[in-house]
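Report on one structure; see the data block that follows.
Convention: sequence-line order gives letters A, B, ...; per-chain numbering from 1. FYI, side chains are in, hydrogens and waters are out, and symmetry mates aren't considered; it's all heavy atoms of this structure.
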Amino acid sequence: MESVINNLASPVVLAFVLGIVAKLIKSDLDFPRPLYQSISIYLLLAIGLKGGVELSKTPFSEFLGPASATLFLGVLTPLIAFAILRYVGKFDITNASGIAAHYGSVSVVTFIAAISYVQALGLEPEGFLPTLVAILEVPGIVVALLIPILIEKKKGTLKKAMHEVLTGSSIVLLVGGLIIGFVVGPTKFESVELFFVGGFQGALFLFLLELGMITASRLRDLKKVGAFLVGFGILVPILHGFLAVIIGMWAGLSVAGATVFAAMVSSGSYIAAPAAVRIALPKANPTLYLTSSLGITFPFNIALGIPLYYIIANWFGG
Amino acid sequence: MESVINNLASPVVLAFVLGIVAKLIKSDLDFPRPLYQSISIYLLLAIGLKGGVELSKTPFSEFLGPASATLFLGVLTPLIAFAILRYVGKFDITNASGIAAHYGSVSVVTFIAAISYVQALGLEPEGFLPTLVAILEVPGIVVALLIPILIEKKKGTLKKAMHEVLTGSSIVLLVGGLIIGFVVGPTKFESVELFFVGGFQGALFLFLLELGMITASRLRDLKKVGAFLVGFGILVPILHGFLAVIIGMWAGLSVAGATVFAAMVSSGSYIAAPAAVRIALPKANPTLYLTSSLGITFPFNIALGIPLYYIIANWFGG
Amino acid sequence: MESVINNLASPVVLAFVLGIVAKLIKSDLDFPRPLYQSISIYLLLAIGLKGGVELSKTPFSEFLGPASATLFLGVLTPLIAFAILRYVGKFDITNASGIAAHYGSVSVVTFIAAISYVQALGLEPEGFLPTLVAILEVPGIVVALLIPILIEKKKGTLKKAMHEVLTGSSIVLLVGGLIIGFVVGPTKFESVELFFVGGFQGALFLFLLELGMITASRLRDLKKVGAFLVGFGILVPILHGFLAVIIGMWAGLSVAGATVFAAMVSSGSYIAAPAAVRIALPKANPTLYLTSSLGITFPFNIALGIPLYYIIANWFGG
Amino acid sequence: MSLVNLKLVTIVSERILKTQMVEHIVECGAKGYTMLEATGEGSRGIRASEFEGRNVKFEIIASSEVAEKIFQKIKSEYFENYAVIVYSQDVQVVRGDKYI
Amino acid sequence: MSLVNLKLVTIVSERILKTQMVEHIVECGAKGYTMLEATGEGSRGIRASEFEGRNVKFEIIASSEVAEKIFQKIKSEYFENYAVIVYSQDVQVVRGDKYI
Amino acid sequence: MSLVNLKLVTIVSERILKTQMVEHIVECGAKGYTMLEATGEGSRGIRASEFEGRNVKFEIIASSEVAEKIFQKIKSEYFENYAVIVYSQDVQVVRGDKYI
Ligand SMILES: Nc1ncnc2c1ncn2[C@@H]1O[C@H](COP(=O)(O)O)[C@@H](O)[C@H]1O
Ligand SMILES: Nc1ncnc2c1ncn2[C@@H]1O[C@H](COP(=O)(O)O)[C@@H](O)[C@H]1O
Ligand SMILES: Nc1ncnc2c1ncn2[C@@H]1O[C@H](COP(=O)(O)O)[C@@H](O)[C@H]1O
Ligand code: NA
Ligand code: NA
Ligand code: NA
């Protein structure tokens, strides 16, 4: 319980709350879009670089298990999400696939928040975790977009959507950062370390402030999406997070690593997936998938999910 | 005298001068607006956070006196300014109130410059001063906007203007930062300290460069506003600063604290007040209130006012 | 040879490569323009400030030789470039002058990359080098723009173009930074040092990522400009760099200083010069001068030129 | 292709009026609007909203009745005290019935 | 001055369609286009592309034939699933033969 | 409402010409202008001013006489060497006498 409160009172989580409050009181506070984009670029590069440097110190054998676990869950989670949405929630195929694509992919900010969370507890998660983020970003989207094509036997715009995901700015920055970090290694990385590591939490603070404002505008759509999707947006992450803890620890992750891993796997993408779904499944309703992944699952994970996964991880491996 | 020169040669003041020079030689140097907005957001959050952290270490009793002094001066200064403008300067009620609102409120950048100034002298002003900025921001505007309503018995748009001030981005960021800083306290603040404290002076450097450019365009309007307002923009701050030193020291502030306090009280707002006045008193002439607060009082305070208040404070309490 | 590889694997050079790759795979990665502008402002101020602080520690006598060498090369290199373009490449007078103006001036980013390069080798180049950048920026452009006026005896728009160069934002920021740094000196500079020195390499990383993307779009124009200009864009920098090493060392520069000096002199401007040429010689074809200076010479210098000048400098003075 | 004749109403105003303008546009019955950031100069020189981001430009596709209402509204509310410019043009709109 | 009567075609679309729109415009025979960033509201509320930068507005000076082709293209490709608004105006263009 | 028939002159030019354009517009007798940032493609491909921020778009409400003067000015000064596009439309302006 204390760790939950600990998480709630961290600067970055409070920044998120401030963003929500600002919109609720109808403040004219407004982030210039270029600032939002610049911080995104910075954060993605920073975790890529940091992850690459760490990866350069990791023996391949240590990395193989978690990487396979990531791929496996990247395929499994969108299928679970689709099944629940289609057969329990009675969504049509298009919307069920569209939402499932988001839950198959990953929210980078949730990942970062989880990293910060366990670090604040004095733990050090595995350095290669950002690599897993990159691995997790794509397969979930592909699997979910394939579903309507397989079921309805339609030739879709899957290829276009795949290009969108693979060359999307978030993958390019994350993977580009990873490779650069891997190539330069710890010593040469020092020249940019102050910028990319020292400034990280502060940039994240600003980013969550903005995300809080965006989330607040999503909250207005909550009644539009219905009670089922609200429940879905909370329970499915818990389910996925639970699976991720078990599989992650089985693959060799530490308690801290499994906590972060669960946060990643349970999170819903809201940058890569929306763009891909908008192109491949234009008939899917953006209000449904954005509200559930950004308006429900994201704040749930930031405030309660991450500490919960930590408790679960402790329970299994503490 | 030495301290005056000391202030004039600090990096941030020279940045302000560079901004003015750039416009005078008609350079095409131009800050992208999003950069200006981003730095504003950063500076307001940073002083809020820092102030909140300090406040969390301050006993309430120590804070009560200065807070009351701030409120008192927040009500008094716009009345003084109004009386001088109306009865000496012969301005009409609308313009006198509009300008008075600016001098009742506070310029955050003047405040920051004053903090930097006393710190450069090796002094440490009270940590709760940013809280006083937040307290000072609002009442002066309210009082000044009430004047025409009371005198002319008109139902104004005061309420709209109040919402504008209270939910304005500067108050939200400042107060939001204060609360977050207060809640997280010194230890948890460390994660974002490098970003918000270490980068502060550099960001201020950029901000003053931009403000120098804006001020230069205001300088062109000097002849439009007339000699009376130029004198007003220099003498009234000195008067208010003098009052603030006396009342501030009487309320328990140190020499450094009283210097900063005088800079705050004497300064004219140019972010919150213009927006509020534009809405509540649309007939008031923006050239008058912007030129006096931004074109006259602001550069006066930055270059000469702050050292002067320091001299006065030393004189009383040194 | 090792130093070449060393340069290629530095974070900033890899950022440049990532930018090129991002565009080649048609990623939608896109820097918001205000970020690009903000980083430019930051980098120019930062090198100005740093240079000014260093200059304040340099005896005038030490500085006189290199400064004269810079002026001399600023006049000589555009004449060499013009002669080769006009008489070997058979370009018309307008285009030959337009391109020559670029090679007479200097690329600030190439300069920065060279500084980083020698520092990564553990060397410390002379602190006054940024002053030389400011000196080098202008004369080359003037000389080149004078050529068509003298040959064709036309009254040109030289004056307008000069105003454009001298009050252009890059000169204002660089020279403004230099003066401020010189006036405040090392002690007062400390307040903004973390921001302008500590963050420098990281900001440069982002800048080169963006420049990589811009360069990639230039690469498409390579066939438009023809084989001669491609050869010109590689061989003339080598020639200029060779001259610069000899003259620079003769004027008293260290091996590290001569390497950086050669990188400066050999580089082609792509901020100040294009603007000036566009105004003074509107008939000159932008594709020619932008592609050669930005698409050919810049990446050549970043990847191979700088290590080459280092080898040459070692050869003469090691 | 069948095009519908409608009005394109353009409003340029101080940024400080942005939220209110959106409300007015919707109240007057417009089905939507497009908004752009702009700067500009007119009879009154520098704007108070300079710090707040200068001007906003609204473009509204609407019927003549809605256009007329928007004119009236803005004339009565803002013309005295604020910098606002409003004009109207004829346009041919694809799928124009959406905007009536 | 001799002005040429041409069409000014305006398209406002979700930003996600930006690259495709440029391709269509060029394919249809337009000699150029001007693009601006915009926001807006319409029948469908918030855009999926909100994170990606909202709307883009294209302005194309072209002959009526090219204008007609652009209408057809956009109607057939996007009207069903995406937020797109298209309209046309008469304009008098200086040096107008450049754009035919 | 009484609307005044005026011309809306639109100019899209390289950003490098921005200051000069403003001067020309005012010299020709316009009472104001609105300016927007734009990008675009035309006959000449990439702009030299790409680093400087691409294109600017001016919109000027003015009488036909002023419009004609603006056309002449721009034609004589820029058409040969720079990327500039200029066109004119009829508009109905509220409070239109302000702009004559
Ligand atoms: N003649 C004009 N043509 C185009 N836009 C104008 C004109 N006059 C004013 N504007 C725009 O309207 C705003 C307010 O103008 P004003 O109310 O005349 O100060 C200016 O900032 C311009 O953006
Ligand atoms: N009546 C209108 N007038 C001007 N722009 C509109 C109008 N309706 C829609 N738009 C623009 O078209 C975009 C998509 O609208 P819609 O497809 O109706 O959701 C909006 O974001 C606006 O930018
Ligand atoms: N047909 C067109 N329609 C709209 N804008 C155009 C057109 N042609 C050119 N432009 C604009 O004018 C600028 C210069 O065009 P150009 O002089 O043809 O290279 C381009 O960057 C566009 O913004
Ligand atoms: Na997931
Ligand atoms: Na005050
Ligand atoms: Na050179």
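Side-chain atoms of A:Thr167 do not come within 3.5 Å of backbone N or O of C:Ser27 as any donor-acceptor pair.
Proximity to chain A (any heavy atom under 4.5 Å) is restricted, for C:Pro34, to the side chain, taken from C-beta onward. Only the side chain of A:Leu49 comes within less than 4.5 Å of a heavy atom in chain C; its backbone stays farther off. Heavy atoms of C:Leu18 lying under 4.5 Å from chain A belong exclusively to its side chain. Neither the backbone nor the side chain of C:Leu204 comes within less than 4.5 Å of any heavy atom of chain A. Contact of A:Leu35 with chain C is not made at all, since no heavy-atom distance falls under 4.5 Å. Of the two parts of A:Leu166, neither the backbone nor the side chain holds a non-hydrogen atom closer than 4.5 Å to a non-hydrogen atom of chain C.
A 4.5 Å side-chain heavy-atom check between A:Ser191 and C:Pro11 finds at least one atom pair inside the cut-off. Residues A:Ile179 and C:Leu14 form no side-chain contact, since every pair of their non-hydrogen atoms from C-beta on lies 4.5 Å or further apart.
Taking all atoms of both residues into account, the shortest heavy-atom contact from C:Ser10 to A:Val184 is C-CG1, 4.1 Å. For the pair C:Asp28 and A:Ser169, the tightest heavy-atom approach, listed with the atom from each and the gap, is OD1-N, 2.9 Å. Minimum heavy-atom separation, A:Val172 to C:Ala22: CG1-CB, 3.9 Å. Between C:Pro32 and A:Ile41, the shortest heavy-atom contact is CD-CD1, 4.0 Å.
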With a 3.5 Å cut-off and sequence neighbours excluded, list the donor-acceptor pairs that the side chains of residues 100-114 of chain A form with protein atoms.
unit_1   : atom_1 : unit_2   : atom_2 : d
A:His102 : ND1    : A:Gly98  : O      : 2.8
A:Tyr103 : OH     : A:Ser292 : O      : 3.1
A:Tyr103 : OH     : A:Thr297 : OG1    : 2.5
A:Ser105 : OG     : A:Glu137 : O      : 3.0
A:Ser107 : OG     : A:Thr110 : N      : 3.0
A:Ser107 : OG     : A:Thr110 : OG1    : 2.6
A:Ser107 : OG     : A:Tyr270 : OH     : 3.3

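The distance from the OG atom of A:Ser38 to the CD1 atom of C:Ile39 is 7.5 Å, given to the nearest 0.5 Å. With rounding to the nearest 0.5 Å, the separation of CD1 in A:Ile171 from CG in C:Leu29 is 12.5 Å. Atoms CZ and CD1, from C:Phe205 and A:Ile180 in turn, are 4.0 Å apart once rounded to the nearest 0.5 Å.
Contacts from residues 194-201 of chain C to chain A, taken as heavy-atom pairs separated by less than 4.5 Å, involve C:Leu194, C:Gly198, C:Gly199, C:Gln201 in sequence order.
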